[in-house]
Amino acid sequence: MSEPAIQPPGHFGIRPDKETFLAEENPFEAMMERFDHAAQLLNLDPGLYKVLRNPEKQIIVSVPVLRDSGELEVYTGYRVLYNTSRGPAKGGIRFDLNVTLEEVKALAAWMTWKCALVNIPFGGSKGGVVCDPTTMSMGELERVTRRYTAGIIETLGPDSDVPAPDVNTNERVMAWIMDTYSMHHRHTVTAVVTGKPVAMGGSLGRREATGRGCMFVTREALAKLGMGLKGARVAVQGFGNVGSVAADLMAKEGARIVAVSDKSGALHNPEGLDIAELIKWVKEHRQLAGYPKAEAFSKEQLLTVDCDVLVPAATENVITRKNAPHIKAKIICEGANGPTTAAADEILEKKGVFVIPDILANAGGVTVSYFEWVQDRGGYFWDEETVNRRLESIMVRAFNEVAATTEKYKVNTRIASYIVAVDRVAAMHRLRGMYA
Ligand code: GLU
């Protein structure tokens, strides 16, 4: 059979004008850039390459919602199932004004590689609604959640697509999704969603899992550099569910958290911040700004502060070609999805920064989501110690596999992670063959 005439731009992404072609801020292009590199090193056959470059399914729904004022508002919602060859699609739902289809596609692809990298039997998906939840009442938030869930209900299900929390969504939102799905199906289906409240089938340790995973892989990376968490100086960008837990657990292991930031601003104390106290402060004041016992500095300064470990745990594209040359950290642990642009990667590699890429660093969340799904389906629940121990073993195993692949292929840790992940997804496709 002859190859079709139309090829993707520069097979394996060798684009003539890479610098101008690649919009640094386009997350899907950023993902593809790394995927292409891994595909080339794996010598992926051209047909499979085309399959893995394209999302399986992209859903766009209108989400009409009655505001408390009596006005009808219509939001746009997306759900992208990138690849389901290894199992049900798995991935969070975010409510944010910056949500775009390109972003959701990239995030769904990242979920595919992330699940493959930690070797759990899931594909990858992601969803989002373009809205500003900070301006919504509880009732409005519930109506957005339920209507969006109803809009994408055909693809949802424990065997087909399983959402979880992401930016601006939490266990409260997951509970509404579970209820909406269960009402449509006329029976309770807990395993349709993960990150639920523990009282309704959630897993112990799920809320802390992403931050805990960051702590485990940072510990492993520090050990590679002949250091330990004890005494390591850490800066954390983002003080939400990932950043605050990572900071807290690292501090408990003896690390000195020298700087933290959130949307409201950044705090700095070279002697170390009291994270337990800061968590209490944020619970009360809903933001870091105003905390009296540290020097306030700009959010931009946080990324280039003097430290051993930098944990970007907020959002995409924060480490760019502009600030990468000024980063002082020896290790970057990507708690967020896609915080580093492809252009910044090259700069960090030249500087010798040890990057723990997102699909490894923040995989603790989806790993315990997997445990939650297993527990829901088995109807038998584990104690927290068991959850944490199993999480540690999966994170350390994945870290070591990435480290070995880095050496084998002489590539950076991000490309090594993609190599491990893409190889696993490709192997599944080869075994299954193509349904025609
Ligand atoms: N939203 C999280 C992530 O990006 C968790 C996904 C999940 O648990 O399914 O990894």
Side-chain angles (χ1 to χ4, degrees), residues 27 31 78-84 86-96 99 103-118 120-129 152 155-171 173-174 177-178 190-197 201-214 217 238 240-243 245-246 312-316 333-339 356-376 387 390-391 394-395 398 417 421:
M31 186 282 297
Y78 304 105
R79 186 76 181 163
V80 173
L81 277 62
Y82 195 82
N83 188 289
T84 59
R86 287 172 47 87
K90 188 79 193 79
I93 289 171
R94 55 175 61 179
F95 288 170
D96 197 79
V99 166
E103 183 198 45
V104 177
K105 268 163 59 183
L107 290 159
W110 276 322
M111 285 308 302
T112 306
W113 313 136
K114 195 186 299 186
C115 292
L117 180 58
V118 284
I120 58 178
F122 286 141
S125 57
K126 203 76 172 199
V129 178
I152 60 166
T155 70
L156 296 183
D159 289 312
S160 48
D161 184 23
V162 186
D166 201 80
V167 175
N168 293 333
T169 56
N170 56 17
E171 57 177 45
V173 173
M174 297 307 115
I177 295 175
M178 183 279 226
T190 53
V192 68
V193 74
T194 60
K196 300 178 292 294
S203 177
L204 292 168
R206 173 61 186 86
R207 196 183 60 77
E208 300 83 7
T210 312
R212 191 177 296 279
C214 288
V217 289
N241 185 42
V242 181
V245 174
T315 181
E316 292 111 77
C333 172
E334 297 184 338
N337 291 310
I356 314 172
D358 47 6
I359 58 172
L360 172 62
N362 68 39
V366 75
T367 300
V368 177
S369 276
Y370 164 55
F371 296 164
E372 180 171 332
W373 178 83
V374 167
Q375 292 170 81
D376 286 341
V387 170
R390 289 180 176 168
L391 170 65
I394 287 183
M395 294 303 293
S417 303

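Just so you know, residue 1 is the first one in the sequence shown, and it goes up from there. For ligands, and for the atoms within them, numbers begin at 1 and follow the listed sequence.
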Quiz item: With a cut-off of 4.0 Å, which atoms of ligand 1 are near a heavy atom of A164?
Solution: 6 (C), 7 (C), 8 (O), 9 (O)

Quiz item: Do F122 and W373 make the cut of ring centroids closer than 6.0 angstrom?
Solution: yes

Practice problem: Mark up the atoms of ligand 1 that fall under 4.0 Å of a heavy atom belonging to D166, in ascending order. | Solution: 1 (N), 2 (C), 4 (O)

Quiz item: At a non-hydrogen distance cut-off of under 4.0 Å, which region of N337 contacts ligand 1 (side chain, backbone, both, or neither)?
Solution: side chain

Quiz prompt | T190 side, atom OG1; K196 side, atom NZ - distance, nearest 0.5 Å | solution = 5.0 Å

Exercise. To the nearest 0.5 angstrom, please state how far the CZ atom of R207 sits from the CG atom of N170.
Key: 11.0 Å

Self-check item: T169 versus R94, side-chain donor and acceptor atoms under 3.5 Å
Solution: no

Exercise. Find the distance between CD1 (I356) and OG (S417) and round it off to the nearest 0.5 Å.
Key: 10.0 Å

Quiz item: Side chains of R79 and S125: donor-acceptor distance under 3.5 Å anywhere?
Solution: yes

Exercise. Among T194, T84, D161, find the one that has a side chain to side chain contact (heavy atoms under 4.5 Å, CB included) with K90.
Key: T194

Quiz item: Quick one: nearest non-hydrogen protein atom to atom 5 (C) of ligand 1, plus distance?
Solution: R206 NH2, 3.6 Å

Practice problem: Do me a favour and list the nearest non-hydrogen protein atom to atom 10 (O) of ligand 1 with residue, atom name and distance? | Solution: K114 NZ, 2.6 Å

Self-check item: Proximity flag R94 to ligand 1, non-hydrogen atoms under 4.0 Å
Solution: no

Quiz item: What's the shortest distance from atom 8 (O) of ligand 1 to any protein heavy atom, and which residue and atom give it?
Solution: S369 OG, 2.6 Å

Exercise. Output yes when the distance from some N or O of ligand 1 to some N or O of P165 is under 3.5 Å, and no in every other case.
Key: yes

Quiz item: T210 and side chain to side chain contact (heavy atoms under 4.5 Å, CB included): which partner among T367, N362, V366, V368?
Solution: N362

Quiz item: Out of M111, K90, M174, who gets a non-hydrogen atom closest to atom 6 (C) of ligand 1?
Solution: M111

Quiz prompt | K126 neighbourhood, listing ligand 1 atoms whose heavy-atom distance to it stays under 4.0 Å | solution = 1 (N), 3 (C), 4 (O)

Self-check item: Min N/O separation N362 to ligand 1 under 3.5 Å
Solution: no

